[in-house]
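A, B, ... follow the sequence lines: proteins, then strands. Residue 1 opens every chain. Any value given below was found using the heavy atoms of this structure, including those in side chains, with hydrogens, waters and symmetry copies removed.
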Amino acid sequence: MSRRQGLFRLLPHPLLTPALAVVWLLLVNSAAPGQIVLGLLLGWALPLFTLRFWPERVRIHSVPALLRFIAVVLYDILVANLNVARLILGRPDSLRPAFVEVPLELKTDLAISLLANTITLTPGTVSASLGEDRRVLLVHALDAPDPAGLVAEIKSRYEAPLKEIFEAC
Amino acid sequence: MLNAVLPIAFALVAGAVALTLWRLLRGPSAPDRILALDTLYVNAIALLVLLGIHLSSALYFEAALLIALMGFVGTVALCKYLLRGDIIE
Amino acid sequence: METLLDALLAFLVLTGAVFTFIGSLGLARLRDFYTRLHGPTKATTLGVGSLLIASAIYFSTRGDGVSLHEVLVTLFLFITAPVSGHLLAKAALHLRMKSLTPPPRDPS
C-alpha cells in the first residue's frame, strides 16, 4: 500500500472534515479553541464511520467556477422568488405549467443531485423525477411559454458549470 | 421600527399557517396533505424565530432546529411510504 | 447606525414574513398539485431564510458575541427543501395524480 493510499484511508473525504467542523462550531455557537479541536475530531471520525454511504470521492476541479456558480445560484434564487411570488399573486388561469425533459450529460451522483437541487430552488421549476438510466431529468415548470428555451437555459446556466466543476477531464 | 413591524410579521405568518391548515384539511390527495404538513413545519419555524426576536431570547433556536430535522425526516418517510408502500426496506 | 440596523432588521423580518405568506398562499390557491409544489419549495424557504438571517443579525448585535447558529437552520432548510420537493413530485407521479399538463410519458 502506497503512502497516498494510506492517507486516503485515514482521511477519505478531505473536504468533509472542515465542513463538519464548521457545522459543529455553528451548532455550539462558539469558536473556543476546545470546540475547534472537538469539531475537527468529529469531522475526522464521522466520515470514517459513514464511509460506506459515500464511496465516491469528491473532486473539485475548478474553485473559481464553483464560486461563480454559487453566486449565480444565489442571485437566481432571489429572482426566482420574486417571479414565483408574482405568479402566485397573479391569476391562476393564466399560468402555463409544463413538464419538460432535460437530457443529462452529467455522470456522477453528486453533480446530478446538485443539479436537481438547483433546479428546484430556481426559476419556477421543480425537478420531479430522474429516469432509470440517469440520462433524463423530468422537470415541472410553473410557467413555461417556451419549454425548449427553458431546457437550453438549464443546460447552459447550471449543467455546464457543474460539469466544469466536478467532471472536468 | 422593528417593534412596529413584528406584529405585522406575526399576523402574516399566522395567516400562512391558517392557509396551510386549510390545505391540510381539504386535501384532496395524500401528497397534497404531506406538502401542507411540510409547509406547516417551515411556518412553525418562522413563528418560533419571530417569537425569539420578540422575546429577545435565543432559547427557541434549538426547538426550531429540531422541528426542521424532524419535519424533513417525517416528509421523507411519508413520501417513501407513498412510493413503496413501506418505509423500511 | 442604530436606526440603520433597525431598518435593516425590520426590512428582513417583513420580507421574510411576506414570502412565507405568499408561499402558503400558493399552496392554498393554485389549481393542481404540481403547481402547488412551487410555492412552499421556493417562497417559504426564502422567507424563513430571511427571517433567520434577521434573527442572526439581531442576536449578534446585542453585545453577547456573534450568534451564527441560525445559519445552520437556513443551510439545512435550503438543502432539504429541494429533496422533499423532489420526493413529493415523485410520489405524485407514481400515484398518477391529475395534472394541468400531462407528463411526457409514463415515468413509473
Side-chain angles (χ1 to χ4, degrees), chain B residues 1-6 8-24 26 28-32 34-36 38-43 45-50 52-53 56-58 60-62 64-65 67-69 71-76 78-84, chain C residues 3 5-29 33 36-37 39-41 44-45 47-48 50-52 54-55 58-59 62 64 67 69-70 72-73 76-77 79-81 83-95 97-98:
Chain B
M1 208 189 313
L2 182 63
N3 289 328
V5 162
L6 270 178
I8 307 173
F10 271 116
L12 279 170
V13 177
V17 171
L19 287 170
T20 316
L21 266 178
W22 183 74
R23 177 55 73 195
L24 179 66
R26 184 151 184 274
S29 65
D32 272 307
I34 299 175
L35 179 62
D38 191 53
T39 316
L40 207 56
Y41 285 123
V42 182
N43 288 341
I45 296 171
L47 264 184
L48 269 179
V49 171
L50 279 175
I53 296 179
S56 297
S57 152
Y60 298 95
F61 161 76
E62 270 80 13
L65 187 63
I67 292 177
L69 281 170
F72 174 63
V73 174
T75 310
V76 169
L78 286 170
C79 287
K80 276 275 165 209
Y81 178 72
L82 285 187
L83 276 169
R84 306 272 167 88
Chain C
T3 48
L5 188 71
D6 198 41
L8 176 71
L9 281 175
F11 174 74
L12 280 175
V13 166
L14 201 59
T15 326
V18 166
F19 271 110
T20 311
F21 182 75
I22 290 178
S24 302
L25 186 67
L27 179 71
R29 186 161 183 236
F33 175 76
R36 268 176 225 145
L37 197 54
T41 49
T44 311
T45 313
V48 175
S50 157
L51 283 177
L52 284 162
S55 163
Y58 179 74
F59 285 111
R62 280 170 69 245
D64 313 332
S67 163
H69 55 192
E70 285 88 351
L72 203 61
V73 183
F76 186 79
L77 278 179
I79 293 172
T80 56
V83 178
S84 31
H86 181 89
L87 272 171
L88 278 166
K90 222 174 149 164
L93 282 174
H94 180 74
L95 297 176
M97 280 184 52
K98 264 194 311 207

Assert top hit (heavy-atom pairs under 4.5 Å, partner chain C, pool Asn3(B), Leu35(B), Leu6(B), Asn43(B)) equals Leu35(B)

Answer key: most heavy-atom pairs under 4.5 Å with chain C among Val42(B), Val49(B), Ile53(B) is Ile53(B)

Phe10(B) meets the ring pair (Phe, Tyr, Trp, His ring centres under 6.0 Å) criterion, sequence neighbours left out, with His54(B)

Quick one: closest heavy-atom pair of [X] and [Y], and the distance?
X	Y	answer
Ala28(C)	Arg23(B)	O-NH2, 2.9 Å
Leu12(B)	Phe21(C)	O-CD1, 3.3 Å
Ala92(C)	Pro31(B)	CA-CG, 4.3 Å
Ser56(B)	Tyr58(C)	OG-OH, 2.7 Å

Heavy-atom distance under 4.5 Å to chain C: side chain of [X], backbone, both or neither?
X	value
Thr20(B)	both
Ala36(B)	both
Ile8(B)	side chain
Leu69(B)	both

In terms of heavy-atom pairs under 4.5 Å with chain B, which of [options] leads?
options	value
Ala89(C), Gly85(C), Ser84(C)	Ser84(C)
Asp6(C), Leu77(C), Leu52(C), Thr3(C)	Asp6(C)
Ile22(C), Leu5(C), Thr20(C)	Thr20(C)
Leu51(C), Thr80(C), Leu87(C)	Thr80(C)

What donor-acceptor contacts under 3.5 angstrom involve side-chain atoms of residues 8-18 of chain C, with partners at least two apart or in another chain?
unit_1	atom_1	unit_2	atom_2	d
Thr15(C)	OG1	Phe11(C)	O	2.4

* Audit row: Phe61(B), Phe59(C), side-chain contact (heavy atoms from CB on, under 4.5 Å) steps and yes/no -> CA-CA 11 Å; Phe61(B) 161 76; Phe59(C) 285 111; over 6 Å; no

d(Lys80(B) NZ, Lys90(C) NZ) to nearest 0.5 Å is 6.5 Å

Working for side-chain contact (heavy atoms from CB on, under 4.5 Å), residues Leu88(C) and Ile34(B) | CA-CA 8 Å; Leu88(C) 278 166; Ile34(B) 299 175; 3.7 Å; yes

